[in-house]
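Computed from a prediction, not measured in an experiment: that's the story for all the values here. Heavy-atom basis, side chains included; hydrogens, waters and symmetry copies ignored. Residue numbers start at 1 and run along the sequence shown.
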Amino acid sequence: GGGGGGGAPAGGGGEPQGSSGGVQVGGKPGGSQASLGKRGALAECTFRFILLDRRLALEDRCALAARFLGAAQLGDFLQTATRQALELASPEGLILVGLRTEAGLGLLQRYLDRTGDVQTAALLASRRSPAHQGATPNHHGLPPPPPPPPP
């Protein structure tokens, strides 16, 4: 993208959007908030607020979740984030569903229907073309680097 708010979708607002979707943050798996004490409960609440704040780029929230959540909690977070991205027709959701999937194509179509932004949709769809499918491992349209010289 050209200019703007660091990938945050328009209308993000000051409050975290959505619900926790069953995501338990902090503590030990299966632990309760009461066992964390006041300081731990505050940290858990703050972390949940950060993960649900759609003013932050989805890739940043996913990175934080991957770093600090347990496997089950991460799965819950990713399911919630994917569902929200698909419901909102947010192009950010492509990092979760992929561009070359039916879900990704549907998301792109809903984005186009919602915004009328043909340029963005066309640019993203061009990355789905047969010329790019499996062309290079780096997906930047550049040829792979040459192999290293023999020792």
query: Can you tell me how far CD of Gln119 sits from CG of Leu112, rounded to the nearest 0.5 angstrom?
result: 11.5 Å
Gln73 side chain vs Gly70 backbone, donor-acceptor pair below 3.5 Å: yes
- request: Answer with yes or no whether the hydrophobic clustering places Ile50 together with Phe68; edges join I, L, V, M, F, W, Y residues whose side-chain heavy atoms lie under 4.5 Å apart.
  value: yes
query: Can you find a pair of side-chain heavy atoms, one from Glu87 and one from Arg83, that are under 4.5 Å apart?
result: yes
same_hphob_cluster(Leu78, Leu51) at 4.5 Å side-chain heavy-atom cutoff: yes
task: Search all heavy atoms of Gly93 against all heavy atoms of Ala85 and return the closest pair with its distance.
output: CA-CB, 3.5 Å
- request: Treat each ILVMFWY residue as a node, draw an edge where side-chain heavy atoms are under 4.5 Å apart, and state whether Leu124 and Leu107 are in one component.
  value: yes
- prompt: If only atom types and distance count, is the side chain of Arg114 paired as donor or acceptor with the main-chain N or O of Ala89 below 3.5 Å?
  reply: yes
message: Looking at Asp117, is its backbone amide N or carbonyl O close enough to the side chain of Thr120 to form a donor-acceptor pair, meaning the two atoms are under 3.5 Å apart?
response: no
- prompt: With a 4.5 Å heavy-atom cut-off, do Leu96 and Cys62 have their side chains touching?
  reply: yes
- prompt: When hydrophobic residues are tied together by side-chain contacts of less than 4.5 Å, even through go-betweens, does Tyr111 share a cluster with Val97?
  reply: no
- prompt: Could you walk me through whether Gln84 and Arg54 pass the side chain to side chain contact (heavy atoms under 4.5 Å, CB included) check?
  reply: CA-CA 10 Å; Gln84 288 175 347; Arg54 289 198 311 246; 4.0 Å; yes
- request: Can you measure from CG (Leu94) to CG (Leu108) and round to the nearest 0.5 angstrom?
  value: 6.5 Å
field: For Leu86 against Ala103, the heavy-atom pair lying closest together
entry: CD2-O, 4.0 Å
message: Any side-chain to backbone donor/acceptor pair from Arg61 onto Leu56? Under 3.5 Å, distance only.
response: yes
